[in-house]
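What follows is a single structure, written as structure tokens, with notes after it.
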Amino acid sequence: LSRAGARVTALSRTAADLESLAQECPGVEPLCLDLADWAATDAALDSVGPFELLVNNAAVAELQPFLEVTRDALDRSLDVNFRAVLHVSQIVARQMIAQGVPGAIVNVSSQASQRALRDHAVYCSTKSALDMLSKVMAMELGPHKIRVNTVNPTVVMTDMGRINWSDPQKSAAMISRIPLGKFAEVDDVVNSILFLLSDKSAMTTGSSLMVDGGFLVS
């Protein structure tokens with residue numbers, strides 16, 4: 001987004017990631033914040049902006065068998081994967097409406113929103129909730145010329161993706177179900193987000209763009 005000319009504010013609870021990002025993309029405004037903290041998010045986002053574009057990308061993957069799901073894992077997943085998206089989107093959408101200009105929001109979901117995966121009871125459920133939240137947002141924010149869509153990737157080769165899919169037996173079983181025969185790279189998701197934020201998708205809202213190599217059709 002920065003290379004495409006956008007003025008970017010990047011939020012993360014991990015200071016080291018923000019420092020690395022600032023070196024990689026000079027000009028990005030870093031904001032260290034735990035999005036699970038509702039009050040802190042209110043205070044921080046009131047001091048920056050206004051924004052015309054929003055990408056909700058923060059997520060956690062607490063993988064546990066259904067019978068072993070803990071309350072802590074459930075609460076943390078709901079806080080970050082669902083509540084934070086709703087809350088940040090409320091704040092930013094109000095700023096967009098106050099400006100009176102068109103806006104676009106992209107929520108990073110997952111193929112797991114539409115396909116059951118072993119040990120992903122909580123993750124699948126939060127991503128399914130995110131997909132439906134995005135559709136309701138699209139319906140209610142459309143009259144304000146704010147578009148809302150999701151990208152739904154397969155496994156992406158981020159640090160989190162490598163940790164959760166480092167077992168060759170586990171990853172081979174997943175890749176065998178992907179017609180293109182590989183996991184997604186970060187740029188595959190980035191390019192889809194850029195499309196959904198841009199005027200090239202000006203008539204697209206309430207949609208889920210699959211970036212899954214064909215997993216859901218296999």
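Hydrogens, waters and symmetry mates are skipped; everything else that's a heavy atom, side chains included, is used.
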Q.
Set out, in order, the CA-CA distance, both residues' side-chain angles and the distance that settles side-chain contact (heavy atoms from CB on, under 4.5 Å) for Asp212 and Asn152, then state yes or no.
A. CA-CA 7 Å; Asp212 66 350; Asn152 296 58; over 6 Å; no
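- Atom CG of Asp167 sits in a crowded spot, with more than 12 heavy atoms from other residues, nucleotides or ligands closer than 6.0 Å.
- Under the 3.5 Å distance criterion, the side-chain polar atoms of Ser12 are matched with a main-chain donor or acceptor of Thr14.
- In this structure the side chain of Val108 reaches within 4.5 angstrom of the side chain of Val55, judged on heavy atoms.
- With contacts defined as side-chain heavy-atom distances shorter than 4.5 Å, the pair Ser89/Asn107 qualifies.
- Considering all non-hydrogen atoms of both residues, Asp75 and Arg83 come closest at O-NH1, 4.1 Å.
- A salt bridge does not link Glu52 with Arg7: every distance from a Lys NZ or Arg NE/NH1/NH2 to an Asp or Glu carboxylate oxygen is 4.0 Å or more.
- The pair Lys145-Asp199 fails the salt-bridge criterion, with no side-chain N (NZ, NE, NH1 or NH2) lying under 4.0 Å from an Asp/Glu carboxylate O.
- The number of heavy-atom neighbours closer than 6.0 Å to NZ of Lys170, taken from other residues, nucleotides and ligands shown, is above 12.
- Here the side chains of Asn81 and Leu130 are not in contact, with every heavy-atom distance at 4.5 Å or above.
- Contact between Leu141 and Val148 at its shortest, heavy atoms only, is CD1-CG2, 4.1 Å.
- Note that CD of Gln99 is 10.5 Å distant from CD1 of Ile97, once rounded to the nearest 0.5 Å.
- Arg13 and Cys32 get closest at one heavy-atom pair: O-SG, 3.8 Å.
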(Q) Set out, in order, the CA-CA distance, both residues' side-chain angles and the distance that settles side-chain contact (heavy atoms from CB on, under 4.5 Å) for Ile178 and Lys182, then state yes or no. (A) CA-CA 7 Å; Ile178 299 174; Lys182 60 182 180 179; 5.9 Å; no
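- Summarising the geometry of Gln114 relative to Ser208, their closest heavy-atom pair is NE2-CB, 4.4 Å, with the distance given to 0.1 Å.
- Annotation for Asp46: atom CG counts as buried by contact number, over 12 foreign heavy atoms lying within 6.0 Å.
- The shortest non-hydrogen separation linking Met96 to Ala104 is CE-O, 3.9 Å.
- Annotation for Leu216 and Met210: closest pair CD1-SD, 3.4 Å, computed over non-hydrogen atoms.
- Between the side chains of Thr204 and Asn149, no donor N or O sits under 3.5 Å from an acceptor N or O.
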Q | Full working for side-chain contact (heavy atoms from CB on, under 4.5 Å) between Asn57 and Ile193 | A | CA-CA 10 Å; Asn57 184 50; Ile193 292 171; 5.6 Å; no
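- For the atom pair Lys135 NZ and Thr205 OG1, the distance stands at 10.0 Å (nearest 0.5 Å).
- No donor-acceptor contact under 3.5 angstrom links the side chains of Thr70 and Asp72, judged on distance only.
- Between His87 and Trp38, the angle of the ring planes stays under 30°, which puts this pair in the parallel group of the 30/60° scheme.
- Between the side chain of Thr150 and the backbone N or O of Asp131 there is no donor-acceptor pair closer than 3.5 Å.
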